[in-house]
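Notes follow the structure.
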Amino acid sequence: MAPIPDPYREQARADLIANIENGTPSDWFNLSTYEELNDRTPTEAWRAGDHDAVELLIDQWYAEAEAHAERRRND
């Protein structure tokens, strides 16, 4: 059975993508480059058309945040 979509998560993800698309160098997500994005910031990669890689990075951020929260709950 497929997981039930979370409308809040989908909206947060869409908002983050919009922020990345219009990002500036001082935005938190552009303070580092990422190997997954060929050593570019998310905004640089998005503007270069590498949308799939940026979306995979966002999914990774969410997975890491959820794993961290789960570890905290189990401490």
Side-chain angles (χ1 to χ4, degrees):
M1 179 184 290
I4 298 171
D6 179 347
Y8 297 106
R9 166 66 63 79
E10 290 304 313
Q11 184 61 53
R13 192 174 187 282
D15 290 346
L16 181 54
I17 289 171
N19 288 337
I20 287 172
E21 182 178 12
N22 299 304
T24 67
S26 61
D27 289 320
W28 67 267
F29 46 78
N30 285 328
L31 296 178
S32 297
T33 59
Y34 296 85
E35 187 175 322
E36 301 93 320
L37 303 176
N38 296 321
D39 296 318
R40 297 176 292 182
T41 68
T43 298
E44 290 170 338
W46 187 269
R47 290 180 181 164
D50 205 354
H51 300 175
D52 289 341
V54 173
E55 291 189 40
L56 284 172
L57 181 64
I58 291 169
D59 292 341
Q60 180 183 336
W61 289 341
Y62 275 115
E64 289 171 359
E66 288 172 0
H68 178 73
E70 184 65 24
R71 284 192 303 274
R72 297 285 296 184
R73 279 191 293 273
N74 292 321
D75 280 348

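Just the heavy atoms: all of them, side chains too, but no hydrogens, waters or symmetry mates, feed the values below. It should be emphasised that the depicted structure is a prediction, and the values quoted were computed from it without experimental measurement.
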Specify the closest pair of heavy atoms between Pro42 and Ser32, including all atoms of both residues, with the distance to one decimal.
->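 Looking at all heavy atoms of both residues, the shortest contact is CD-O, 4.2 Å.
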Atom CG in Leu57, atom OG1 in Thr41: separation rounded to 0.5 Å?
->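 The CG atom of Leu57 sits 10.5 Å away from the OG1 atom of Thr41.
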State the CD-CG distance between Glu44 and Asn30, to the nearest 0.5 angstrom.
->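 One gets 7.0 Å once the value is rounded to the nearest 0.5 Å.
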Just wondering, more than 12 heavy atoms not from [X] lying within 6.0 Å of its [atom1]?
X: Glu70; atom1: CD; value: yes
X: Arg72; atom1: CZ; value: no
X: Asp52; atom1: CG; value: no

With a 4.5 Å cut-off on side-chain heavy-atom distances among I, L, V, M, F, W and Y, is there a chain of contacts connecting [X] to [Y]?
X: Trp28; Y: Leu37; result: yes
X: Val54; Y: Tyr62; result: yes
X: Trp46; Y: Trp61; result: yes

Please lay out, stage by stage, how Arg9 and Glu66 fare under the test salt bridge (Lys or Arg N to Asp or Glu O under 4.0 Å).
-> CA-CA 12 Å; Arg9 166 66 63 79; Glu66 288 172 0; 2.3 Å; yes
Tyr34 six-ring face occupied by Arg40 cation (under 6.0 Å, within 45°) =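 Geometry flag: not set, cation outside 6.0 Å or 45°.
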Are Thr24 and Ser26 linked by a side-chain donor-acceptor pair shorter than 3.5 Å?
->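 There is such a pair (donor and acceptor under 3.5 Å, judged by atom type) between the side chains of Thr24 and Ser26.
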Any Ile58 side-chain heavy atom under 4.5 Å of Arg13 side chain |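 In contact.
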Go through the steps to decide whether Glu21 and Arg47 satisfy the test salt bridge (Lys or Arg N to Asp or Glu O under 4.0 Å), and finish with yes or no.
-> CA-CA 7 Å; Glu21 182 178 12; Arg47 290 180 181 164; over 6 Å; no
Are any side-chain N or O atoms of Thr43 and backbone N or O atoms of Ile20, one a donor and one an acceptor, separated by less than 3.5 Å?
->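 Side chain of Thr43 to backbone of Ile20, a donor-acceptor pair under 3.5 Å: yes, one is there.
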